[in-house]
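Encoded as C-alpha cells, the structure appears first; notes follow it.
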Protein chains: 2
Amino acid sequence: MARSKDPAVRALLLERAAHMLRTRQPVTLRSLVDGTGVSTMAVYTYFGGMDGLWTALRQEGFRRLAARLDTVDATADSVRDLTALGAAYMSNALADPDIYRVMFDAGFDLEDAAAADATLHRLVDAVERAKGDGRFRPDVDAVELATRSWVIGHGLASLVAGGPLPDAALAHGVPLLAALFASAGDDPVRSRRSVEAGWVVEVPESGVLVG
Amino acid sequence: MARSKDPAVRALLLERAAHMLRTRQPVTLRSLVDGTGVSTMAVYTYFGGMDGLWTALRQEGFRRLAARLDTVDATADSVRDLTALGAAYMSNALADPDIYRVMFDAGFDLEDAAAADATLHRLVDAVERAKGDGRFRPDVDAVELATRSWVIGHGLASLVAGGPLPDAALAHGVPLLAALFASAGDDPVRSRRSVEAGWVVEVPESGVLVG
DNA sequence: ACGCTTAACATAGCAACGTTATGTATTCTG
DNA sequence: CAGAATACATAACGTTGCTATGTTAAGCGT
C-alpha cells in the first residue's frame, strides 16, 4: 500500500482550529497550517477540504459536550440531576461559544444529527429515571420532555453565547425548567428546590453562576 | 454637492440579497450585482462593504419581523394574544430561515441589539396587558416573563429552522408556553386553552400548524 | 529481499472572493 | 455658470479554497 495517515496531525489541526476559533482568529486554510510544518494539502488528506474540517470540528464539539455531560453524576434527586445536565450543557456552550455556534450552524448533516441525538439521549435517560422516581406523571413522554428541556437550554445558550442577552440572563434557566417540570407533574415547590440545586453554570472569567 | 444616492438601488440590492438567501444561492459581491446593471462599487456606496450589507440585511429581517408581529391584533384573551405573538415570531423565522439565521449570527452589533429590543418590547406590552387582565400575578416582572417567552421561541425557531428538529416539533411551543404562563400565575386549564388558540404557525409549503 | 503500487505530502497555479485605487461623469452649490 | 464633491465604472491587488502536478516513502506480492 502506502504511507498511513498520522492521527497526531489530524488532532493537531483540530486542536489548532479550535484554539483559533476561541481566540477569534479567522480560520482559513493557510492560516491554519502556517507554523505547523504541514502543508495545505494535509487538510485535504485528513478532512477532504475545509467543509470536512468544519464537520470534524462540529463532531469535536459534540465530543466535548458529551465529556462534560459525563461529569454529571447521579444523586438521589433525579430532577436535580436532569437540571445539572442542562447546566452542564450551558457551561459547555459558554466555554467555547464559537464552537457551539459552529455546531448548530448551516451545514447540519446526518452525522451531526446522530451526535446531537446521542447527547439528547442522555437527557431522555435522566427523564426516565425521574419518572421511575415518581417525579413525573406516568403518561409523560420522556423524549418529548427531554426535547422541551433542550429547547430551553439551546434557546438560552444561543441568546447568551455571543448573542444579545447578558450572562446574567442564565438565571432564567431556573424558572423556565421549574415551570416545565411542574407541568410534567413534579411538585412545584420540590421542583424549584431541585432545579435550584442542579443549576450550576460555569461562566468563563466570571466564576460560577448558581441558581 | 454632488449626485444623491438613489434609494431604489439600495432597496433593490437588499431585496435581491434576501431573495438569493431564500433560494440558497451564495450571496457574493459579484453575484449580487450581476444582472442589476450596477457595479460592485454600489455595494460600497450604499452599505460600505459586505459587512454593511449583512448588517442592513439583519435590520431588514427585524423590519419584516416587526411587520409580521403587527398583524397580530388584540382580542379579549390577552394570553392568547401573547401566544399569537410567539407564533408570528415562529412563522417569520420559518418563512425565511436564512435571514433568521443571519439575524442572530456572529456580527450582532449595537444597532441589531436595538432592533431586537424593539421586538422584545412588543412582548413586554402583551405581558403587561395580561397582567392588567389579572391573568398573571402582580409580582410578575413583565420584562422577565417576556424574555423567557423569547428564549422558548428562539430555541424552538433555531432548532427547527434549518436545525435538527423537524417542523412537527413546533407543537412543543404549546406545552412550553402553557407551562411558563401557568408558572406566572395563570390558571393552568385556562392557560392551555389560550395558548392553543393563539399558537397558529404558518409553515411554508406545508400549510398551517395549529396547536 | 526487492521492486511495484499506492497513498501521503509539497509546490505551484487557478478561479473567485472582498476590497481599494483610479478615472469619469453628474449634480448640487456658491 | 463655474467649481467642487459625490456617485459610479473599470481595473487591479491580496487572499481565499481548491486542484493539478510532481516527488517521496511505506506496504505487499513474488
Side-chain angles (χ1 to χ4, degrees), chain A residues 1-21 23-60 98-99 101-102 105-109 111-112, chain B residues 1-21 23-60 98-99 101-102 105-109 111-112:
Chain A
M1 290 285 282
R3 284 153 80 184
S4 60
K5 292 188 201 177
D6 183 0
V9 174
R10 189 191 141 94
L12 176 104
L13 288 176
L14 228 42
E15 186 76 30
R16 185 171 160 84
H19 178 259
M20 293 177 74
L21 223 51
T23 55
R24 308 244 173 227
Q25 305 169 44
V27 180
T28 72
L29 176 64
R30 286 172 176 79
S31 69
L32 179 64
V33 300
D34 264 15
T36 62
V38 304
S39 83
T40 60
M41 277 307 294
V43 176
Y44 287 82
T45 59
Y46 286 102
F47 304 103
M50 287 303 277
D51 276 5
L53 177 85
W54 292 117
T55 296
L57 215 48
R58 264 194 293 276
Q59 287 176 346
E60 170 68 14
D98 299 275
I99 288 190
R101 193 174 306 123
V102 167
D105 248 14
F108 204 93
D109 54 18
E111 282 181 297
D112 303 324
Chain B
M1 290 286 280
R3 283 153 79 183
S4 62
K5 291 188 202 175
D6 183 1
V9 173
R10 189 190 140 94
L12 176 103
L13 289 176
L14 227 43
E15 186 76 30
R16 185 172 160 83
H19 179 259
M20 293 177 73
L21 222 51
T23 54
R24 310 246 174 226
Q25 304 169 43
V27 180
T28 73
L29 176 65
R30 286 171 177 78
S31 69
L32 179 65
V33 300
D34 264 15
T36 62
V38 304
S39 82
T40 61
M41 277 306 294
V43 175
Y44 286 82
T45 60
Y46 287 102
F47 305 103
M50 286 303 278
D51 277 5
L53 178 85
W54 292 116
T55 296
L57 215 48
R58 264 195 293 277
Q59 288 175 346
E60 170 69 13
D98 298 276
I99 288 190
R101 194 175 304 123
V102 167
D105 248 14
F108 204 91
D109 54 21
E111 282 182 296
D112 303 324

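Note that the structure is a prediction, hence the values are computed from the model and not measured. Only this structure's heavy atoms are used, side chains among them; waters, hydrogens and symmetry mates stay out. Per chain, numbering begins at 1; letters A, B, ... match sequence-line order.
Comparing dT19(C), dC8(D), dC18(D) against the side chain of Leu29(A) picks out dC18(D) as the nearest. With dT20(C), dA7(D), dT19(D) as the candidates, the nucleotide lying closest to the side chain of Thr40(A) is dT19(D).
Counting heavy atoms from C-beta outward, Leu32(B) and Thr40(B) have side chains that stay 4.5 Å or more apart. Counting heavy atoms from C-beta outward, Leu57(B) and Val27(B) have side chains that stay 4.5 Å or more apart.
If you measure from atom CG of Asp51(B) to atom C1' of dC17(C), you get 13 Å, rounded to the nearest angstrom. Spacing between atom CZ of Arg30(B) and atom C1' of dT19(C) amounts to 9 Å, rounded to whole angstrom units. The distance from atom CH2 of Trp54(A) to atom C1' of dT16(D) is 13 Å, rounded to the nearest whole Å. As a whole-Å value, the separation of Tyr44(B) OH from dT20(C) P is 6 Å. Regarding Leu53(A), its CG atom lies at a distance of 14 Å from the C1' atom of dC18(D), rounded to whole Å. Atom OH in Tyr46(B) sits about 9 Å away from atom C1' in dC8(D), given to the nearest Å. Atom CG of Leu32(A) is separated from atom P of dT15(D) by 17 Å (rounded to the nearest Å). Asp6(B) has its CG atom 14 Å from the C1' atom of dT27(C), to the nearest Å.
Residue-level contact check: Val38(A) touches the backbone only, with heavy atoms under 4.0 Å from sugar-phosphate atoms and none from bases. Counting non-hydrogen atoms under 4.0 angstrom, Thr28(A) reaches the backbone sugars and phosphates but no base. Across all strands shown, Met41(B) has heavy atoms under 4.0 Å from base atoms, whether or not it also approaches the sugar-phosphate. Residue Gly52(A) is classed as having no contact, given no heavy-atom separation below 4.0 Å to the nucleic acid. Among the atoms of the strands shown, only primed sugar atoms or phosphate atoms (P, OP1, OP2) are found under 4.0 Å from some heavy atom of Gly37(B).
In Gln25(B), the CD atom is crowded: over 12 heavy atoms of neighbouring residues, nucleotides or ligands sit closer than 6.0 Å.
Remark: the backbone N or O of Asp6(B) is paired with a side-chain donor or acceptor of Tyr46(B) at under 3.5 angstrom. Formation of a donor-acceptor pair under 3.5 Å by the Ser31(A) side chain with backbone atoms of Pro26(A) is found in this model.
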